[in-house]
There are 2 protein chains.
Amino acid sequence: MKKVNVGLLGFGNIGVGSYKVLEMNRKRIAEVSGADIEFTKILEKDVHRKRDVSVSLDRFTQDPDVILKDPSISIVVELLGGIEPASGFMLAAMKNGKHVVTANKAAVAANYDELTNTAKAGGVMFRFEASVCGGIPLLNALTTALAANEYEEILGILNGTTNYILTQMTENGLAYEEALKAAQDKGFAEADPTADVEGIDAANKLSILLSVAFGMRVPPEQIPAEGISKITKTDIDRAKAEGAKIKLIASAKKSGNGVVYSVKPTFIPEDHPLAGVGDEFNAVFVKGNAVDELMFYGKGAGPLPTGSAVIGDVVEIAKAL
Amino acid sequence: MKKVNVGLLGFGNIGVGSYKVLEMNRKRIAEVSGADIEFTKILEKDVHRKRDVSVSLDRFTQDPDVILKDPSISIVVELLGGIEPASGFMLAAMKNGKHVVTANKAAVAANYDELTNTAKAGGVMFRFEASVCGGIPLLNALTTALAANEYEEILGILNGTTNYILTQMTENGLAYEEALKAAQDKGFAEADPTADVEGIDAANKLSILLSVAFGMRVPPEQIPAEGISKITKTDIDRAKAEGAKIKLIASAKKSGNGVVYSVKPTFIPEDHPLAGVGDEFNAVFVKGNAVDELMFYGKGAGPLPTGSAVIGDVVEIAKAL
């Protein structure tokens with residue numbers, strides 16, 4: 001069986017989740033990929049942090065070049081988060097002939113063209129399924145099984161934190177601040193929740209969807225984005241009175257020869273499939289001119305669901321090697 | 001641009017739908033596949049039937065060998081339906097070095113091993129996305145983006161006809177016979193509805209899912225299948241009283257070292273994502289050991305949604321040629 005060595009940049013929650021997915025499903029992954037896939041080197045400063053996986057200390061390095069220039073490594077998985085140095089590392093890996101997988105929506109949204117063009121020029125694969133809606137196999141579907149469609153509309157609940165907060169406000173009558181606190185207590189929201197609650201995270205993901213589904217490059221900061229921090233109980237009650245629920249919706253819709261797009265709190269009628277998507281779940285409603293209405297629903301975050309998408313991408317590359 | 005000639009077996013509703021999808025999205029399909037894809041020959045007796053596509057008469061043939069032995073044809077799309085002669089034609093095409101795409105669940109379920117083994121032996125691709133849930137990109141997801149999972153459970157509303165009937169009984173209080181009549185009037189049920197209402201169609205699809213997701217070959221006639229023809233208003237009311245809806249569920253669930261499977265009417269709690277799937281829609285709930293809970297929702301039938309999946313498979317093959 002061919003051996004495929006993978007270099008991992010970053011060993012935080014998603015890195016550990018990806019490592020675990022590979023360990024726990026090793027036999028199945030070998031069967032479907034036809035390869036013996038191994039994380040042989042890991043870029044991480046904090047080698048002694050408690051993680052519930054056991055990794056031999058000699059796999060860790062603090063020097064990115066040890067991975068980026070290692071000729072035995074054919075795939076680099078970037079899970080550092082943030083635009084830099086992640087983007088620079090991915091570009092360097094591609095230029096060194098390595099295939100790249102990432103879960104990093106901020107880096108992909110910021111540098112979509114440079115990353116995809118560099119991969120193409122280098123004849124390497126670049127996959128980023130986990131960057132939009134974690135474990136939900138959306139990007140892969142849009143680019144393969146649904147590729148015979150012109151997309152007419154995409155409506156997504158792309159951020160689990162805000163969906164959890166809005167669900168608490170709607171189902172349990174919490175005020176915004178109380179619901180945010182509940183999300184933080186559950187680990188669904190960060191101490192500084194700005195990127196989630198102000199729609200910035202959703203705008204990054206929508207920017208990627210605009211590129212993938214509509215072939216349109218729109219940097220995330222050019223997407224009109226309104227968050228949920230100003231939503232009040234009165235708004236929630238008004239939606240209920242109209243037979244609707246408030247959801248933070250990222251939307252892209254064909255209009256004439258163009259596409260209109262935004263991220264904003266939206267009244268969704270209770271009989272729409274997106275209205276039933278509660279708690280921290282994500283869902284994406286897609287309308288294609290052939291397939292008509294589709295919806296994908298699942299966990300948009302978390303170490304194992306995101307690891308599922310990361311390792312799925314690694315498997316697709318390993319199959320093709 | 002490379003030219004990819006496709007032979008089409010059968011020009012009924014799904015054949016015409018697939019032809020239309022290729023015509024209406026010709027530009028996009030050329031971009032994503034890098035190929036100029038064309039249905040160059042069509043096996044069909046009834047060349048004069050009114051169809052709202054225009055096809056030059058010289059493309060039609062009544063001799064399958066004209067397609068199966070044509071060296072200029074690299075992909076055969078089988079849309080005849082029924083086990084034979086469809087299976088024999090697909091095997092002959094594979095033995096002649098042609099890649100095969102089908103939407104035919106009865107043939108795939110009946111002859112899964114022979115079809116997949118013959119394709120493998122001949123070094124050709126065999127794709128059948130449209131055979132389970134029409135336009136929903138389920139099989140592709142299970143075998144690519146989700147391939148790093150061990151599947152724990154699959155629960156599917158795999159048959160649109162019965163879901164429409166049950167929705168009419170639940171939402172509008174119709175009796176079974178009235179709801180069946182309504183489905184027939186809408187074109188969702190055939191004059192002889194046996195295969196749908198007795199769970200045979202769902203068992204065919206579940207047989208395919210057991211092969212694809214669990215690596216288990218179970219011929220459809222060995223799947224315990226109970227249909228909906230004995231469901232009464234009393235059953236519907238009893239479900240409501242328990243906070244549930246009756247759905248015809250095809251299920252496969254890991255249990256110890258085995259998998260338990262069946263097709264039967266099932267009480268689904270109203271807060272389960274499958275409970276909200278109404279009318280003729282299909283949906284499949286998947287639980288993987290990494291990705292956790294996912295749901296796919298969409299149109300499981302109809303010429304264009306099914307054509308979307310058929311042409312999606314053709315595009316995947318054309319990309320690889």
Side-chain angles (χ1 to χ4, degrees), chain A residues 17-18 20-22 24-25 27-29 31-33 129 134-150 215 271 273 275-278 281 283 285-286 288-299 302-316 319, chain B residues 17-18 20-22 24-25 27-29 31-33 129 134-150 215 271 273 275-278 281 283 285-286 288-299 302-316 319:
Chain A
S18 301
K20 272 191 199 167
V21 170
L22 185 61
M24 75 190 192
N25 295 335
K27 186 160 157 277
R28 175 172 163 86
I29 289 168
E31 276 167 21
V32 295
S33 66
E129 179 65 69
I136 303 176
L138 176 67
L139 299 184
N140 185 62
L142 292 174
T143 53
T144 63
L146 301 174
N149 285 267
E150 293 276 0
D271 60 355
V277 178
F281 280 87
F285 175 89
V286 176
N289 70 345
V291 77
D292 205 352
E293 297 180 357
L294 281 178
M295 193 176 76
F296 299 82
Y297 165 99
K299 292 209 166 160
L304 293 183
T306 309
S308 164
V310 168
I311 303 298
D313 276 348
V314 169
V315 165
E316 280 303 289
K319 275 194 225 170
Chain B
S18 301
K20 271 191 199 168
V21 170
L22 185 61
M24 75 191 194
N25 294 336
K27 185 160 158 278
R28 175 172 164 87
I29 289 167
E31 277 167 21
V32 295
S33 67
E129 179 66 68
I136 303 176
L138 177 66
L139 300 184
N140 184 61
L142 291 174
T143 54
T144 63
L146 300 175
N149 285 267
E150 293 276 0
D271 60 355
V277 178
F281 281 88
F285 176 88
V286 175
N289 71 345
V291 76
D292 205 353
E293 298 180 357
L294 281 178
M295 194 177 75
F296 299 81
Y297 165 99
K299 292 210 167 160
L304 293 183
T306 309
S308 163
V310 168
I311 302 299
D313 275 348
V314 169
V315 165
E316 280 304 289
K319 275 195 224 171

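None of the values given here were measured: they were computed from a predicted structure. Proteins come first, then strands; the chains are lettered A, B, ... in the order of their sequence lines, and each starts at number 1.
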Go through the atoms of [X] and report whether side chain, backbone, both or neither lie under 4.5 Å from a heavy atom of chain B.
X: A:Ser33; value: neither
X: A:Lys319; value: side chain
X: A:Pro273; value: side chain
X: A:Phe285; value: neither

Among [options], single out the residue with the greatest number of heavy-atom pairs under 4.5 Å to chain A.
options: B:Thr306, B:Val315, B:Thr144; value: B:Thr144
options: B:Pro303, B:Ala145, B:Gly307; value: B:Ala145
options: B:Val32, B:Leu146, B:Leu139; value: B:Leu146

For B:Ser308, all residues meeting side chain to side chain donor-acceptor pair (under 3.5 Å), sequence neighbours excluded: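 Applying side chain to side chain donor-acceptor pair (under 3.5 Å) to B:Ser308 gives A:Asn149.
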
With sequence neighbours excluded, residues passing side chain to side chain donor-acceptor pair (under 3.5 Å) with B:Glu293: none

Among A:Ala141, A:Gly278, A:Gly298, A:Pro137, which has the most heavy-atom pairs under 4.5 Å with chain B?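 Going by pairs under 4.5 Å, I would pick A:Pro137.
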
Of the listed residues (A:Ala290, A:Gly312, A:Gly276, A:Gly288), which shares the most heavy-atom pairs with chain B below a 4.5 Å separation? A:Ala290

Heavy-atom cut-off 4.5 Å, strictly under: side chain, backbone, both or neither for B:Asn289 against chain A?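 Both parts, backbone and side chain.
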
Checking heavy atoms, do the side chain of B:Glu150, its backbone, both or neither come under 4.5 Å from chain A? both

Which heavy atom in [X] sits nearest to a heavy atom in [Y], and how many Å separate them?
X: A:Met295; Y: A:Ala283; result: SD-CB, 4.3 Å
X: B:Leu304; Y: B:Gly17; result: CD2-O, 3.8 Å
X: B:Val21; Y: B:Ile29; result: O-CD1, 3.9 Å

Any donor-acceptor pair under 3.5 Å from A:Glu129 side chain to A:Leu138 backbone: yes

Flag, side chain of A:Arg28 to backbone of B:Ala148, donor-acceptor distance under 3.5 Å: no

Validation row, ring centre B:Tyr297 to ring centre A:Tyr297 under 6.0 Å: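 Judged by ring-centre distance (under 6.0 Å), B:Tyr297 and A:Tyr297 do not meet the cut-off.
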
